[in-house]
Amino acid sequence: MTRHDKDHPHNEANEEVANPGRRSFLGATATVGALGVTGGTGTALMMGSSGEARAAEGAKSTHVPLGELDDYYGFWSGGQSGEVRIYGVPSMREIMRIPVFNYCSATGWGMTNESKRIMGDSNRFMNGDAHHPHLSYTDGSHDGRYLYINDKANSRVARVRLDVFKTDAMVTIPNIQSVHGLRLQKAPKTGYVFANGEFHIPQPNDGRDLDNPDNYWCLWTAVDGETMEVAWQVMVDGNLDNMDADYTGKYAAATCYNSEKGVNLNEKMRSERDWVVVFNIERIEQAVKDGNYTTIGDSDVPVVDGRHGSEVTRYVPVPKNPHGCNTSTDGKYFIAAGKLSPTASMIEISRLDDLFAGNLENERDVIAAEPELGLGPLHTTYDGRGNAYTTLFIDSQIVKWNMEKAVRNYNGEDVNYIVQKLDVHYQPGHNHATLAESKDADGQWLFSLNKFSKDRFLPVGPLHPENDQMIDISGEEMKLVHDTPTFAEPHDTVIVPRDMITTKQVWDRDDPFFAETVKRANEDGITLESDNKVIRDGNQVRVYMTSSAPRYGLTEFRVKSGDEVTVTVTNIDKVEDLSHGFCVVDHGVVMEVNPQQTSSITFTAGSPGVYWYYCNWFCHALHMEMAGRMLVEPADS
Ligand code: CUK
Ligand code: CUA
Ligand code: CA
């Protein structure tokens with residue numbers, strides 16, 4: 001973008017011709033704005049748009065030329081879809097979806113034996129609500145090993161392997177209801193995965209205390225990020241909403257919006273202040289080591305008492321129903337967004353030693369500043385240059401503010417800490433900047449994950465998409481550059497440079513993802529890479545076959561109605577991207593089988609008849625012909 005262009009803000013239309021790459025962010029509305037068309041439902045949109053069109057002058061392009069790769073991987077949560085989505089940044093092309101807590105019709109996730117083993121008991125739930133994806137750390141930097149994510153709907157935490165982009169572990173957290181806030185220990189390494197139990201419940205929740213909410217409690221949980229086993233829990237007062245950990249491995253902090261322990265809206269809003277609870281991880285570990293804990297119900301997880309008066313927590317009062325909790329990337333502050341208060345509370349992490357040592361008169365002495373930002377502050381992210389960016393849900397804005405100036409202002413200096421407010425469309429929840437939950441924040445791109453999209457996209461009926469907007473923050477000014485409609489409902493994202501992630505393009509035959517399946521085949525005396533066999537064992541039938549484009553090793557197999565059939569398919573193709581599938585018609589049976597992968601699925605053979613099975617991932621010119629017959633005989637024959 002030249003100086004000349006900047007001086008002629010009404011030339012967008014011509015510029016689009018000259019530089020088609022800009023089309024992606026200027027789009028048609030900018031042209032309409034420039035033409036001065038008014039009226040109808042477009043008015044509000046246009047006013048915003050013409051302003052944006054100018055703001056986008058000089059912004060970085062989101063265009064990634066054909067055949068070239070994006071600079072960043074973006075990991076998006078899938079909200080109540082239960083999955084994780086991968087976007088390329090800056091193009092915002094959706095590259096992949098990773099089923100996690102959901103059933104997947106394309107890959108067979110939730111149906112294959114491999115995915116069922118990973119999901120365990122919780123496989124009985126067909127839904128999930130994935131809010132907070134986070135990438136593992138070494139010394140405060142992302143290390144590209146794992147992604148962890150919570151399930152608010154069924155109280156689970158899952159891990160995704162980033163070498164194959166598959167979910168590889170899932171744990172249901174005991175003694176809690178709803179995992180909401182989820183964060184990782186940043187140093188020296190992940191370490192713990194911390195999970196906030198959001199809804200307070202009787203302990204144990206076995207029918208006692210139904211009508212006695214005063215005796216409901218929430219627990220904060222630490223999961224071992226390597227073994228994915230629950231390490232310990234801490235019982236707290238109030239509830240737990242969002243959280244974050246510091247950059248030393250010593251402290252974590254969580255917002256509480258229900259210090260009242262209310263069970264209805266009015267009760268939950270009764271107090272002018274709720275709190276941020278700060279956890280002292282070393283002290284909790286010591287308490288567990290010293291046997292200073294209890295257990296609850298059937299669970300043998302150590303539960304340390306962290307309620308008021310405990311040595312392992314401190315409660316810092318902050319204004320009304322706080323929501324987001326985000327550690328600044330300089331490691332200095334936990335920043336809690338006020339939600340029902342127009343403020344954010346900056347907790348100075350270096351004062352926490354004194355807070356726990358009892359050297360401060362008041363818990364509020366750890367507050368470094370409480371800047372007023374606008375209406376409905378929800379979440380904050382960072383550019384690594386001393387600025388914070390907070391979403392304002394009610395104002396439909398992102399406010400950029402300077403942390404150091406906010407502190408000076410709090411200390412009485414007459415200095416303005418607000419740098420800029422940018423309209424977003426509309427009602428933002430989380431926002432997130434590139435690398436902004438690591439010490440490597442690079443201040444390039446900011447995303448505003450807006451809950452409402454209203455008039456921004458072609459209408460698709462009453463259920464609207466969300467709108468994830470992309471903002472260039474590399475300069476002084478935030479510049480809106482791109483709208484991305486998303487389906488239900490990304491809450492949060494984490495974005496890292498592409499060189500942080502190293503993937504396998506073809507499975508290794510000894511991969512743990514399907515090791516148990518291989519082991520069982522070996523017990524049947526099967527060599528998966530070459531054998532095509534049917535083994536009958538009472539009314540259990542195990543069918544083994546290879547796949548190699550465009551054929552299955554077996555073009556037919558015979559079972560009896562009502563048999564429990566397990567089909568194990570090994571894709572012996574070694575060619576990158578040559579995936580096969582296996583789908584049995586009228587049986588609800590489907591799975592992906594990628595190069596060098598073994599996949600298996602167990603089902604009940606239906607009523608007598610011929611049932612075709614076919615390859616449902618397009619693999620070859622003769623892909624349609626890649627099929628076979630399951631011949632189902634009557635049960636008594
Ligand atoms: S919560 Cu969704 S907008 Cu679950 Cu992270 Cu704030
Ligand atoms: Cu094999 Cu399609
Ligand atoms: Ca409250």
Side-chain angles (χ1 to χ4, degrees), residues 76-80 129-134 149-153 178-183 196 198 237-244 254-262 264-275 317-326 336-341 376-381 390-391 393 427-432 448-452 466 468 488-494 545-553 569 571-573 575 577-583 591-595 613-628:
W76 255 246
S77 61
Q80 65 275 42
D129 190 2
H131 283 219
H132 299 121
H134 296 294
I149 192 157
N150 71 304
D151 172 18
K152 174 164 164 152
S178 276
V179 175
H180 188 230
L182 183 96
R183 286 284 185 165
N196 280 356
E198 183 180 354
D237 283 312
N239 82 332
L240 297 162
D241 188 8
N242 281 293
M243 64 154 298
D244 206 348
T255 51
C256 160
Y257 64 76
N258 193 8
S259 62
E260 303 90 343
K261 287 172 86 170
N264 61 41
L265 205 52
N266 282 344
E267 289 173 5
K268 291 176 197 168
M269 298 196 301
R270 201 190 292 129
S271 304
E272 278 314 305
R273 277 180 177 169
D274 292 286
W275 56 61
V318 297
K320 205 154 178 144
N321 291 37
H323 183 59
C325 182
N326 301 81
K339 194 165 77 183
L340 298 188
S341 157
L378 289 188
H379 294 279
T380 301
T381 190
T390 301
T391 52
F393 182 81
Q427 267 73 43
H430 276 271
N431 61 357
H432 203 94
S448 176
L449 276 52
N450 306 313
K451 302 297 187 186
F452 291 49
E466 281 71 52
D468 293 352
E489 171 197 320
H491 281 250
D492 196 5
T493 165
V494 50
M545 68 175 89
T546 57
S547 68
S548 172
R551 36 183 88 73
Y552 290 117
V569 180
N571 182 347
I572 57 175
D573 280 314
V575 180
D577 207 4
L578 214 169
S579 295
H580 297 291
F582 180 82
C583 177
M591 57 189 183
E592 63 175 336
V593 200
N594 298 298
Y613 54 88
Y614 69 96
C615 176
N616 60 326
W617 284 77
F618 211 110
C619 56
H620 189 276
L622 292 170
H623 156 81
M624 295 305 295
E625 288 81 350
M626 187 168 172

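As the structure lists them, so they are numbered: ligands from 1, and atoms in each ligand from 1. In this chain, numbering begins with 1 at the start of the sequence shown.
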Within-4.5 Å side-chain heavy-atom neighbours: C615 and H580: yes
Test log, rule salt bridge (Lys or Arg N to Asp or Glu O under 4.0 Å), inputs K320 and E272: CA-CA 5 Å; K320 205 154 178 144; E272 278 314 305; 3.3 Å; yes
Proximal ligand 1 atoms for H132, defined as those under 4.0 Å from one of its heavy atoms: 1 (S), 4 (Cu), 5 (Cu)
Residues in salt bridge (Lys or Arg N to Asp or Glu O under 4.0 Å) contact with E260, at least two apart in sequence or another chain: none
Tally of protein N, O or S atoms, where distance to atom 6 (Cu) of ligand 1 is under 2.8 Å: 2
Polar side chain donor-acceptor pair, D129 to H131, under 3.5 angstrom: yes
Donor-acceptor side-chain pairing of S448 and N431 below 3.5 angstrom: no
Residue pair K451, H491: steps toward the side chain to side chain contact (heavy atoms under 4.5 Å, CB included) verdict: CA-CA 9 Å; K451 302 297 187 186; H491 281 250; 3.6 Å; yes
Result of checking T390, L449, T391 against L378 for side-chain contact (heavy atoms from CB on, under 4.5 Å): T391
is_close_aromatic(H132, H180), centroid dist under 6.0 Å: yes
For atom 1 (S) of ligand 1, the option (of H180, Q427, K451, K339) bearing the nearest heavy atom: H180
Set of residues satisfying side chain to side chain contact (heavy atoms under 4.5 Å, CB included) with respect to C256, sequence neighbours excluded: N239, S259, W275
Steps toward side chain to side chain contact (heavy atoms under 4.5 Å, CB included) verdict (H379, N242): CA-CA 10 Å; H379 294 279; N242 281 293; 3.6 Å; yes
Atoms of protein origin (N, O or S) under 2.8 Å from atom 1 (Cu) of ligand 2: H580 ND1, C615 SG, C619 SG, M626 SD
